[in-house]
Structures are given as C-alpha cells and as structure tokens.
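This report refers to the structure that appears directly beneath it.
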Amino acid sequence: MRIPVSRRHFIAGTGAALVGALTARKGSAYDTIEQHVTVDLNAEIARINPELHGHFAEHLGSCTYGGLWVGRDSRIANIEGYRKQAVDWLKALGIPVLRWPGGCFADDYHWRDGVGPQDKRPRTVNLHWGNYTEDNSFGTHEFIGLCRLLGAEPYLAGNVGSGTPRELRDWTEYCNYPAGSSLSEERIRNGAAEPFRVRYWGVGNENWGCGGNMKPEEYAGHYRRFATYLRPMGETKPFLIACGPNSNNIDWSRNFLDGMQGKQMPSGYSMHFYSSGKNTPEKFTIENMEEQLASFARMEKAVQQQRALLDSYDPDRKVGLMVDEWGVWDRMIPEEEKTHGRLWQQSTMRSAVAAAMGLNVFHRQADKLYMCNIAQIVNVLQSLLLTNDERCIRTSTYYAFELLKPHRAKTALRVDVGAMEAPGLSVSASRQDGDLVLTLVNPKHGSAMKVSCSLAGGTVKAAAARILHDSDFNAANTFETPDRLVIREHQVTSAGGSTLQISLPPMAVATVRIALG
Ligand code: AHR
C-alpha cells in the first residue's frame, strides 16, 4: 500500500492550518495514532559531536577490497584506486570519522605489511573473515589518502591481541613523527612528506573475544602496558581508546576500570552494540522486526548505565564513551556471501528506521557520548553503499544518515513524547540559533501518526520537511531498482505560533527544518 506524499512542503508561519496530504485510503489496513511532542527550546542537552555520525571500514568481505578500493589498474572508475562513485557519494554525505582496519581483523593486522612498494608487500591470510589471502595493496597510506579525499578524521585500530607494544608504538611514530627518525623518514620515502597526524588510536578491539579472549582485569594490564608507550609524536597527542563491553556488560566495565587503578585512564572507552535480527534482510516478519527495533531502547539504557558506571571512576567525564560498532546484524544469505563477500547485507526500510532510531538515541544522549561508528560503511552489515563489480548504489541507511545530517554540531534539546507502547515514535531535536531540526521516526508498520509538536520557549516562522518512507518494511534499493527508496519532500500539515503538525505514514523517517520566529 503506497501513500501519496505531497510535494508542497514549505509553509509560512501564518498560523493557517493546511489540510495534511496524508490520509489513509479507504479500507486501508492501518490506523492513525495521535501523538503529542514537546520540544523545550531552553533545555539543552549538549552539542551533537559530528563524530556521533561516524563510520567503520574493515578488511572484511568486500568492504575495503572491491568496495572502497578497486586498485589503480581497475576498469571500474577510480581515483588513484578508490572507487570514484563511492568517494563521490560518501563525500557528499560527509564522513566525520572513519575507523580502520577492524574489527576483529585489527588484532591480527601488522601495519608493516601494508606500507612500501605495493609489489613488495606480503600476501597475508585474513583468518577472521574467510581465510582468503589479500595482497595488502590497501595499507596505511591508502587509508589516510581515502580519509583525506572524504574529509574524514582517521581512526586507527591497533593490534593488542597478537601484536606488541613496540609494534603499535612504532605505528604511531611512522604516522605522526614529522621527520628525522628512521620510521618517519621511511614514511617520507613512501610518499608522505607531511605527518599523518592521526589522533584516534584504538588499543585493541573486542579483547573479550576475537581480540585475545581476555578477562577484563587482564586486558586492563595490557592496556596500561601498551598505553605507556603511546605518547605524543611531534605535535600529535594520541587519543587512546580502550576496549569496552559487548552491549551492556557491566562486569566487563567494572573489572576493567578496577584494573586501571585510576592510572592512565583512556581518552575513549568503546562499547559495541549490535541489534541482531532473526530473518534475512528482505524477509523480516513483523514480530522479528519489532523485536529488533526494540533493541534501541536497550541501547539507550546501556549508554546511560555504562556512562553512570564510568562517572563513578571518572567524575569529570574526561573519558569519552563511544559506541564504535553498532547497527542491525541480520541473518546472512549464504549465496549472497559467496557472491559479495562475508557479512554482505541488504538494507531495507526497516534498516533505515533502525539507523534513524540509533542516531536519535545518540542525539538524546549527546552529553554522554563522544563518538559512534555504524558497522560498516560499504557492503558489510548495515552499510551505506552496496557495490557489485562496477555498480554502486546508495542504501536506505545512506538516506537515513542524510536525513539526520542537519543535526551535526547543533545542540541537542530535550523532547518529551509522553508514555507510549514500544516501539513507538522516536524523536530527536537540535538547535543552533534560529535553526531548529527535528527528526521523527514512525517504526510502526500498521499505524500512521499525526504528530502535534509544541515548542516551549519559541515560535515557528517557517517549516520544511523531508521524508524516507515505504510502507513495505522489506523494500530495498537493489542493483536493478536503485532508487526505490529515496528522500522526498513532505508536507508539514500546519505550522504557526508555537505548534507544528505533521503526519507520518507507517515506516517513515522525517526531518523537519524549522526557522524559529
Ligand atoms: O563488524 C563485524 C565484526 O563485529 C567486527 O569485526 C567485530 O569487532 C565485531 O564482532
């Protein structure tokens, strides 16, 4: 069932109530829920760090090789080996930060394998993700080159599980020491006269699992030992990120933090929170979709509880809490993994709703979070782009990120949505001077929503909305139909005084830009 969406979307704040374009068709299978929302323009939460919209690229499946990197000699259009279409689209979206090379891969990666002349680089076995060999043609210089092209801040995940403090310390020197040491001179000979000035350094990844199967107190010991040698190189002071819990594992955090004994506390503490799904992406049942979407309330609670625990060790909040892997992790289709690589996953309308619910959580918890990176940027799990040979398409998740982009660097505001049944309307709001941004997500497959929004402490001068919607929650952009799910303009039903009304069809993500009076 498709719902007509009006293209007229900009309403002057005259107080005139325009009739909404959205009405359920006769005999339609859904009802309409009336929902009231209050945005308090004076209740500031915190600045939304653009890094809350961050990304992650691993040597996994076709994320890096074949996805982002096709090689300089490829017949696929490329810029110095980077897939041109991917660069163009990611640049247009804006990638605040990019984490690499893993994931699990990071604790089996030896950076020296990926520097120097490409034909001299060793062939190594990717033991976590399929035991295939890779030629290391995408290494440190290629990653930094990609970040520069995208305007992204690089985040290198270091090897603690199978590496040594010396190896990681040397990587920081190679990247950041300006000149004069053997390692910095080697970087210069390899083509980078300027230091890379990498700030973000992960000290291991999932060290409770693929990063060495450690106990939290054991990892704390490793962390302290590694961190001792990760010092400023030249002018770049490293921002060290310690491995945090899987989901909301309080025991991991408590024992790790006890093990730190208040010394050498990290700059960042990274938890991972995946929203697992019981179906393959395009065959979700209502029940399993609702179960998956309900995980975002648990993620919000996890962020609050992990921050509260961190606060008891770090009352001044010097340690930034991060969710540096998150997103929907559905059931894979073995044939697709054979064709496209491990963890290749389609993104549907459900995934877009999930992405927007996740970003809304991060905005609402902007005072507790420093960085969040969705897994992963291309072809793996909840990706922004899918590629197949020379074809490259934007997924529904790409468009969810685009719709929420206007919140970046604005100040998050408190929103009251009242009591409702989960999964219900998800909202975040942010403001910069007279520019207010409101994102509303209707995760219900069977109900439209008539949202009436009051602004406490301000009035609406004008309002414009854009929407991503498909009433089929299993709908996706495919290589055959790449533009099934795209952002459209959407009507604001009425706007004037201190209220605004907007209707949301079932399964919709909408962002309203409001000029305040
Ligand atoms: O993102 C895929 C994998 O999920 C990562 O390699 C790992 O860190 C996590 O378990």
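Indexing begins at 1, ligand by ligand and atom by atom, following the structure's order. Values in this document were obtained by computation on a predicted structure and should not be read as measured data.
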Atoms of ligand 1, numbered as shown, that sit under 4.0 Å from any heavy atom of C104: 5 (C), 6 (O), 7 (C), 8 (O)

Numbered atoms and elements of ligand 1 in range of N205, under 4.0 angstrom, heavy atoms: 8 (O)

Modelled atom types, side-chain donor and acceptor of T348 and N474, under 3.5 Å: no

Where ligand 1 meets Q376 - atom numbers and elements under 4.0 angstrom, heavy-atom basis: 1 (O), 2 (C)

Ring-face cation of R350 near F473 (centre distance under 6.0 Å, axis angle within 45°): no

Crowding at CG, D73 (>12 non-hydrogen neighbours, <6.0 Å): no

Part of Y274 within contact of ligand 1 (heavy atoms, under 4.0 Å): side chain

Residue pairs, two or more places apart or on separate chains, that pass side-chain hydrogen bond (donor to acceptor under 3.5 Å, both in side chains) and touch residues 206-227: E206-H272

Part of W129 within contact of ligand 1 (heavy atoms, under 4.0 Å): side chain

Polar atom proximity, F56 to ligand 1 (N or O, under 3.5 Å): no

Contact partition for L381 relative to ligand 1, non-hydrogen atoms under 4.0 Å: side chain

Counterpart residues, side chain to side chain donor-acceptor pair (under 3.5 Å), relative to D251 (two or more places apart): none

Greater than 12 external heavy atoms within 6.0 Å of R231's CZ: no

Heavy-atom neighbours of E287 CD exceed 12 at 6.0 Å: no

Option whose closest heavy atom lies nearest to atom 10 (O) of ligand 1, chosen from E325, H272, R342, E206: E206

Ligand 1-proximal atoms of H128, by part, heavy-atom distance under 4.0 Å: neither

